[in-house]
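Read the numbers this way: they start at 1 and go in the same order the structure lists the ligands and their atoms.
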Amino acid sequence: MTTHLVWFRNDLRIHDNLALAAACRHPNATVLALYIATPGQWHQHQMAPRQAAFIQGHLNSLQQALGERGIPLLVKTVDDFAASITVLREACETHRVDALFYNYQYEINERQRDAAVEKTLSNVMCQGFDDSVMLAPGSIMTGNHEMYKVFTPFKNAYLRRLREGLPECVRAPDVRPGGALREALTAVELNYPQQDFDHTLFAADEKNALNQLRQFCQQRVVNYDTDRDFPAIEGTSRLSACLAIGALSPRQCLHRLLKEHPQALEGENGAVWLSELIWREFYRHLMTYHPKLCRHRPFITWTDNVQWQSNPVMLRAWQQGETGFPVVDAAMQQLNHTGWMHNRLRMIVASFLVKDLLIDWREGERYFMSQLIDGDLAANNGGWQWAASTGTDAAPYFRIFNPTTQGERFDKKGEFIRHWLPALAEVPDSDIHEPWGWADKVGVKLDYPRPIVSHKEARLKTLAAYEAARKGEA
Ligand SMILES: Cc1cc2nc3c(=O)[nH]c(=O)nc-3n(C[C@H](O)[C@H](O)[C@H](O)COP(=O)(O)OP(=O)(O)OC[C@H]3O[C@@H](n4cnc5c(N)ncnc54)[C@H](O)[C@@H]3O)c2cc1C
């Protein structure tokens, strides 16, 4: 009799789960599953309470789905990753485990933990899988066997590889020979602050996640390239929360997309959405190749010399959506109320924090992580380094978004702004992006802050700060 243990981490699903499928391949093996909650480590990583609630919901449906297949899910809680090594050793001893199966995580702390686990479990066969990506980090390299630094050639190489052969999806496991579990399940509760999330926006179980993916690919992906930049339109998939915790895999996204739009790989319908999925891969591959990114170091070294301002009052105004710039404030309200923010707005508010307030991008990275239901180190770090011009293939430092004209371009009539800022409900469309100009003219007092900075002056100050850093004068 052989016993296989599947260690679930950021892969909370039964369909297309490479580690789970491999563990179940042996028809007579006893298969057990384990999840280790590490609240102390999550605090260190600023995990958002909404993401914790999302994980807890998915763990409960995972436990149910595994139970129906005869696989018990053991849930343990320890403080941090170091303590989880002991839990694994004990679980392997208690259950006489012969082989451990898990899906790789590419962040540095996670990799160090996994290396320590493999060393400790010298009598257990350990197998890891590249499950959270379409193609494994290290498989798409330049002719000089280096990681690409620029997205477009990476994407072209990626698409070429996909055209040569698609990564397969694996089936959910069959019911084990002993049948479904008979004992009642105990609800999983994570010992971490929780904040409820909107179940109509974010699929609370795997079945709903797959439905959301199917509906998006059948109905909305065709308009994605025209709609995706306008936050008042429901133009994007909102699947990031599921992808971040592994309730969906990127291979499932790829296959569903190609089922509905087979020409997406050739640049037709759906190609732009596929390109976004490849951005996700780009940041994961980059982080694996450059672990300093996990330590929040900038990719472009000289940008570490920028003299950031320490300004807790301004930082708080940004966090609370009280900057006096309507598109920035509405976006921050969306984040604070739902745990999600539209991609265009993430770029605008990140640029505002860094380039209008000259506040260190790491403050924004941390705050996002503490609020996002889709918090993901690689994508978040990549997005912040892009906006702050510290990353590879980032916006050049002298490109500074004007928050007012960005609002005018992407929320022309202010529909999104009015939804999140009811204080501006009466402001006419033509003045919605600079409401105080209108309010002063007509003598209305708004329950809304005046702009906390002058964009024009802030822009010049920021340019000077970056230029001084670049010349090594800072
Ligand atoms: C400052 C900043 C911080 C960000 N932080 C995160 C984060 O913590 N977690 C996260 O998943 N994404 C992050 N992003 C990327 C992007 O904003 C979100 O993935 C996207 O808004 C999620 O919405 P969606 O699922 O509707 O995306 P869609 O437009 O439907 O895209 C499909 C999927 O592709 C991936 N994706 C899309 N755009 C990007 C991108 N630019 N970089 C990496 N992956 C992408 C996501 O997994 C997304 O679910 C960040 C971007 C910026 C500029």
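- In this structure, Trp273 is part of the shell of residues with a heavy atom less than 4.0 angstrom from ligand 1.
- Distances shorter than 4.0 angstrom do not occur between any heavy atom of Gly382 and any atom of ligand 1.
- Counting protein heavy atoms only, atom 35 (C) of ligand 1 is closest to Glu276 O, 3.7 Å.
- Contact annotation for Met341 and ligand 1: only backbone heavy atoms (N, CA, C, O) come within less than 4.0 Å of the ligand.
- A cation-pi arrangement is absent between Arg50 and Phe197 under the rule of less than 6.0 angstrom and at most 45 degrees off the ring axis.
- Here the shortest heavy-atom distance to atom 6 (C) of ligand 1, taken over Arg346, Arg238, Glu365, belongs to Arg346.
- Atom 40 (C) of ligand 1 has as its closest protein heavy atom Trp279 CB, 4.0 Å.
- In this structure, Tyr224 counts as a contact residue of ligand 1, since one of its heavy atoms falls inside 4.0 Å of the ligand.
- In the model, Asp198 has a side-chain atom that pairs as donor or acceptor with a side-chain atom of Thr200 under 3.5 Å.
- Within the structure, ligand 1 has Trp340 among the residues with a heavy atom less than 4.0 angstrom away.
- Under the 3.5 Å distance criterion, the side-chain polar atoms of Arg362 are matched with a main-chain donor or acceptor of His296.
- Taking every non-hydrogen atom of Asp376 and a distance limit under 4.0 Å, the qualifying atoms of ligand 1 come out as 7 (C), 8 (O), 9 (N).
- Regarding atom 12 (N) of ligand 1, its nearest protein heavy-atom neighbour is Ala379 CB, 3.5 Å.
- Residue Leu239 has at least one nitrogen or oxygen atom sitting less than 3.5 Å from a nitrogen or oxygen atom of ligand 1, judged on distance alone.
- Of all protein heavy atoms, the one closest to atom 19 (O) of ligand 1 is Ser240 CB, 4.1 Å.
- Seen from the ring of Phe299, Lys292 counts as a face-on cation partner, given the 6.0 Å and 45° thresholds.
- A heavy-atom distance below 4.5 Å is not found between the side chains of Phe410 and Thr405.
- Residues Trp279 and Ser275 bring no donor and acceptor atom of their side chains to less than 3.5 Å of each other.
- Annotation: cation-pi geometry satisfied between Arg9 and Trp7 (NZ/CZ under 6.0 angstrom from ring centroid, within 45° of ring axis).
- Each of the atoms 8 (O) of ligand 1 lies under 4.0 Å from some heavy atom of Gly375.
- Side chains of Met141 and His285 form no contact here, defined as non-hydrogen atoms less than 4.5 Å apart.
- Regarding atom 5 (N) of ligand 1, its nearest protein heavy-atom neighbour is Asn380 OD1, 3.1 Å.
- Cation-pi geometry between Arg113 and Phe81 is satisfied (NZ or CZ under 6.0 Å from the ring centre, within 45° of the ring normal).
- Inter-residue side-chain proximity for Gln51 and Leu372 is flagged as unmet; no heavy-atom pair is nearer than 4.5 Å.
- Checked by distance only, ligand 1 and Thr236 come closer than 3.5 Å through their nitrogen or oxygen atoms.
- At the shortest separation from atom 9 (N) of ligand 1 among protein heavy atoms lies Asp374 O, 2.8 Å.
- For ligand 1, the polar-atom distance check finds no N/O of Tyr283 at less than 3.5 Å from any of the ligand's N/O atoms.
- In terms of protein heavy atoms, atom 30 (O) of ligand 1 is closest to Ser237 OG, 2.6 Å.
- By heavy-atom distance, the residue among Pro250, Gly383, Gly235 lying nearest atom 52 (C) of ligand 1 is Gly383.
- Partners of Glu266 by salt bridge (Lys or Arg N to Asp or Glu O under 4.0 Å), not counting sequence neighbours, listed by chain and number: Arg163.
- Between Phe282 and Phe154, the two ring planes are tilted [angle within 30° to 60°].
- If you look at Leu243 next to ligand 1, the close heavy atoms, those under 4.0 Å, all belong to the side chain.
- Defined by atom type and a distance below 3.5 Å, a donor-acceptor pair is present between the side-chain atoms of Glu206 and His15.
- Comparing Leu277, Ile278, Asn343 by heavy-atom distance to atom 16 (C) of ligand 1, the nearest is Asn343.
- At a heavy-atom cutoff of 4.0 Å, ligand 1 is contacted by no atom of Phe216, backbone or side chain.
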